[in-house]
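To find a chain, count down the sequence lines: A is the first, B the second, and so on, and within it residues start at 1.
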Protein chains: 2
Amino acid sequence: MRAVRPKRGEGEAYCYQQLRRAVLEGRLVPGQRLVETELARMLGVGRAAVRTALARLEQEGVVERSPNRGARVRLLTEEEAVEILEARAALECLAARHAALRARPQDVRELRAILREMAACARRGDSLGYSECNGRFHHVLVRASGHATAQRLLDSLWAQMVRYQYRTVLAPGRLPRSLEEHRAIVDAVAAKDPDAAEARMRAHLQAVLTSLREVARRTWPAAAP
Amino acid sequence: MRAVRPKRGEGEAYCYQQLRRAVLEGRLVPGQRLVETELARMLGVGRAAVRTALARLEQEGVVERSPNRGARVRLLTEEEAVEILEARAALECLAARHAALRARPQDVRELRAILREMAACARRGDSLGYSECNGRFHHVLVRASGHATAQRLLDSLWAQMVRYQYRTVLAPGRLPRSLEEHRAIVDAVAAKDPDAAEARMRAHLQAVLTSLREVARRTWPAAAP
DNA sequence: GTCAACTTTGTTGTAGACAATCCGGCCCGG
DNA sequence: CCGGGCCGGATTGTCTACAACAAAGTTGAC
């Protein structure tokens, strides 16, 4: 599972990253118990490092902990997923605006490269690959914005959302439109037009949100406590 | 400093809240070193509890830690303060929209009560009291929105901003206009008009942002590394 | 006098041990 | 058959001790 035992002073950060990745990649599924001793043994570190890492993940919203009862991977209700997507939308609009103002040519090139990859995935019907590109796209765009605060918040929101990400993209017929929306955003950024970038990002995430609500309504016709 | 020693299982949460409050109330100033042993003795808990609390505060952006060198209260540059305010604006607009849709009558009453307090502070020139009310106002509004995700993110942003909050409100001549902006927001919420609520919140925070930039430019004519 | 290497001091990072607490199964009376 | 109390295993919360490390101070040679 691990390559080398982390050096002194890196144990906690190592645990944090490994656990985070494990959740993002679906190796730790929502609801799953996270036993400190077990994780410590797996990662080759002490319980203290695991403990503080879990505390950070809790603060980030990836993990849930209750006193004396340990930690589990947080399980989202549909409402929470919608909320997170709404917050993401608000922040990514901000990021898109800044990206239009501050993106360097190489950022735009990278975005266009990802667009080409997305198009290729779309052609061969590879939804999973498309979803992965989609993640990279948004990540690169936010990074290009140079807005460290938005990036930090969005990273944490993204980490909570992954499980739902796949569903939304799989909504039937949305794939080509999604691709077009992404292209429009890049064009606005390349044209250094902050208003258009923000507006198009808003439109895009609005569509994703609608799609998520649709899929959710279809999946759980009348659930959510 | 403390009332009772926290019971088993509450140590970490207790530390977290106490340290957070200490930073928010200015008893721990930015840049100040946070020595684990010392805090543990002060709070009457073990070092482990302090340690995990510091990890959470780091994740929240309130403190900074570097390996083997301990933690300090995070010190913001002007640019970071602007970024945080921008993120706050994006999220509070979302919250204002939701508040307009979901606020209960008692929430509106509470907001109007705070408005009256603010007006009183403004009349007697009590900037500090006004600033405190301002904080309560935004907190209550966000709570009324029922948007747990936005609330969580905004709480953390707020915790990072406090040191700058006072300055912005002290900008000369802004106090009456600020009051009017708040009143306009409450009116929109009371009228259940989400578009107006969002727009007015945006206008308000835009004004605050401009004011912050102005004050910052005046204070450090050409600083910020 | 200056600079480098060494020592000292204070603090953090980690390991191990132990008690408190929770969860499950179990027994027993109704 | 069912509910309440009791016990055992598992897991967490906390404490103590100690090694690793950083920063400041000290020594000594040039």
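As a whole-Å value, the separation of B:Arg41 CZ from D:dC15 P is 15 Å. Computed from coordinates, the B:Tyr14 OH to D:dG13 C1' distance equals 17 Å when rounded to whole Å. Rounding to whole angstrom units, NZ of residue B:Lys7 and P of D:dC15 are separated by 16 Å. Distance B:Leu39 CG to D:dT14 P: 16 Å, rounded to the nearest Å. If you measure from atom CZ of A:Arg72 to atom P of D:dT12, you get 11 Å, rounded to the nearest angstrom. Atom-to-atom, CZ of A:Arg65 to P of C:dC22 comes out at 16 Å; the value is rounded to the nearest Å. Atom CG in B:Leu54 sits roughly 14 Å away from atom P in C:dT11 (whole-Å rounding). Distance, B:Glu36 CD to D:dA22 C1': 14 Å, rounded to whole Å.
At a cut-off of 3.5 Å, with distance as the only test, no side-chain donor of A:Gln151 or A:His139 sits close to an acceptor on the other residue.
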Next item on the list: Any chance you could lay out the side-chain contact (heavy atoms from CB on, under 4.5 Å) test for A:Trp158 and A:Ile84, step after step, and finish with the verdict?
Entry: CA-CA 8 Å; A:Trp158 197 270; A:Ile84 289 170; over 6 Å; no
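Ring-plane geometry between B:His138 and B:His204 is classed as parallel, the angle between the planes falling under 30 degrees on a 0 to 90 degree scale with a further cut at 60.
Residues A:Arg47 and A:Arg8 each lie close to DNA chain C; by heavy-atom proximity, the contact nearer the 5' end of the strand is made by A:Arg8. Nearer the 5' end of DNA chain C, as judged by each residue's closest nucleotide, is the contact made by B:Glu38, out of A:Ala49 and B:Glu38.
With C:dC22, C:dT12, C:dT14 as the choices, the nucleotide that has an atom nearest any side-chain atom of A:Asn68 turns out to be C:dC22. Of the candidates C:dC22, D:dT12, C:dT14, C:dC22 carries the atom nearest the A:Arg69 side chain, counting heavy atoms from C-beta on.
Side-chain atoms of A:Arg51 and base atoms of D:dT12 include no donor and acceptor less than 3.5 Å apart.
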N/O contacts under 3.5 Å, protein versus nucleotides 6-10 of chain C?
none

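Taking every heavy atom of both residues into account, B:Met118 and B:Asn134 meet most closely at CE-CA, 3.8 Å. Looking at every heavy atom in both residues, A:Val63 comes nearest to A:Leu54 through CG1-O, 4.3 Å.
When heavy atoms are screened at a 4.0 angstrom cut-off, A:Leu34 is found touching the sugar-phosphate backbone but no base atom.
Note on A:Glu92 versus A:Arg202: no salt bridge recorded, every NZ/NE/NH1/NH2 to OD/OE distance being 4.0 Å or above.
No more than 12 heavy atoms of other residues, nucleotides or ligands shown are found within 6.0 angstrom of CZ on A:Arg143.
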